[in-house]
Amino acid sequence: MPITINGNGTITGYTPPIADGSITTAKLANNSVDASKLASGLADQGIRMVDMWRLNANTSISPNVGYFIDSNWERVDSDNFGQLGTGMTESSGVFTFPSTGIYLVQTTTNFRNPNSNSGGYAYITVSTNGGSSFDDAALSTSWVSASNRYSTATCSHVLDVTDTSQIKVMLKVYVTSSSTVAEGNTNRTMTGMTFMRLGDT
C-alpha cells in the first residue's frame, strides 16, 4: 500500500511499530526491562552510596611516627546528615566497603597544638590484604603556625574496590611536635572521612 502524506499532516498507509507511540512492558517479548536490554551499564548509573564518618573527640598523636587513628570514630548524625545506600562499617579505625565498585575517598583532618607550632600530615592508606598492611595512597600536608592555631590537611583517592574482604581504608596522621591533636567533635565534623560510590568496578 502506498504511503501518502496528507495536507493536514497525517500519514496514510503507514502503521508505526507501536501504534499508540508508547512502550510498555506488555509490548516487550519477555514482559520486562533489565540491564541486558539497555546500553551497557545504563541501568546502574547514578551515585547509590554516600557516607561520612568523623572523630567525636580530640585524638592525641605521638610525634615523628606514622599514627593510625583507630578510635573515636562515629558516623555523622547531626544537621540533617543524609546517608545514601548501605554505608561503610568501621572497626578500630579500619573502614570496610559495603559492595564492590569505584569509590571516591576523601579526608579532612584538622590539627591543633596548644603549646607550639607543628607540621601536620594526613594520609589515606589502603590495604589490599584484608588489613594486614596499609600503603599510603594520598597525602596532604599542613602547618600549625603557633600555639592553639589550627591547620587543615585535605586529600582524596579514587579506589577500585574489587574485593570487600581484602580492600580496606584507614586514616593515618603524622605530626612533628608533641601535644598535637587531630580535632574531633560529636556535634560537627572537624576531622572526618567521606566515601562515595561512583559506579561499578
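Hydrogens, waters and symmetry mates are skipped; everything else that's a heavy atom, side chains included, is used.
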Treat each ILVMFWY residue as a node, draw an edge where side-chain heavy atoms are under 4.5 Å apart, and state whether [X] and [Y] are in one component.
| X | Y | answer |
| --- | --- | --- |
| Val105 | Val126 | yes |
| Leu198 | Val50 | yes |
| Val169 | Met196 | no |
| Val173 | Val181 | no |

So which atom in [X] and which in [Y] form the shortest heavy-atom distance, rounded to 0.1 Å?
| X | Y | value |
| --- | --- | --- |
| Thr162 | Ile167 | N-CD1, 3.5 Å |
| Val144 | Ser116 | CG1-O, 4.1 Å |
| Thr96 | Thr164 | CG2-O, 3.7 Å |
| Phe111 | Ala153 | CE1-CB, 4.1 Å |

Measure from the side-chain N and O atoms of Ser156 to the backbone N and O of Gln106, and report whether any donor-acceptor pair falls under 3.5 Å.
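No, because the side chain of Ser156 does not come within donor-acceptor range (under 3.5 Å) of the backbone of Gln106.
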Could you work out, with side-chain hydrogen bond (donor to acceptor under 3.5 Å, both in side chains) as the rule, every residue matching [X], not counting sequence neighbours?
| X | result |
| --- | --- |
| Ser142 | Ser151 |
| Asn185 | none |
| Asn129 | Ser127, Ser133 |

Other hydrophobic cluster members with [X], side-chain heavy atoms of Ile/Leu/Val/Met/Phe/Trp/Tyr under 4.5 Å, chained?
| X | value |
| --- | --- |
| Val65 | none |
| Met190 | Tyr150 |
| Leu139 | Tyr121, Tyr123, Tyr174 |
| Phe134 | Phe68, Val94, Met170 |

Any side-chain donor near an acceptor of the partner, Ser92 and Asp70, under 3.5 Å:
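No, because no side-chain N or O of Ser92 sits under 3.5 Å from a partner of the opposite role on Asp70.
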Gap separating the [atom1] atom of [X] from the [atom2] atom of [Y], nearest 0.5 angstrom:
| X | Y | atom1 | atom2 | answer |
| --- | --- | --- | --- | --- |
| Asp200 | Ile102 | CG | CD1 | 8.5 Å |
| Met193 | Met88 | CE | CE | 7.5 Å |
| Arg197 | Leu84 | CZ | CG | 11.0 Å |
| His157 | Leu104 | NE2 | CG | 10.0 Å |
| Trp53 | Phe95 | CH2 | CZ | 6.0 Å |
| Asn110 | Thr152 | CG | OG1 | 3.5 Å |

Under the side-chain contact (heavy atoms from CB on, under 4.5 Å) rule, collect the residues that match up with [X], sequence neighbours excluded.
| X | answer |
| --- | --- |
| Ser179 | Asn113, Pro114, Asn115 |
| Glu74 | Arg54, Asn56, Asp77, Thr186 |
| Asn117 | Trp143 |
| Ser178 | Pro63 |

[X] side chain near [Y] side chain, heavy-atom distance below 4.5 Å:
| X | Y | value |
| --- | --- | --- |
| Met49 | Tyr103 | yes |
| Leu159 | Ile124 | no |
| Cys155 | Thr107 | yes |

Here's a test for you: under side-chain hydrogen bond (donor to acceptor under 3.5 Å, both in side chains), which of Asn72, Thr180, Thr109 qualifies with Thr59?
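The passing option is Asn72.
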Do other residues, nucleotides or ligands put more than 12 heavy atoms under 6.0 Å from the CZ atom of Arg75?
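Yes, because the 6.0 Å sphere around CZ of Arg75 holds more than 12 heavy atoms from other groups.
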Inter- and intrachain pairs under salt bridge (charged side-chain N to carboxylate O under 4.0 Å, His left out), touching residues 180-189, at least two apart
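Every pair satisfying salt bridge (charged side-chain N to carboxylate O under 4.0 Å, His left out) with a residue in residues 180-189: Arg112-Glu183.
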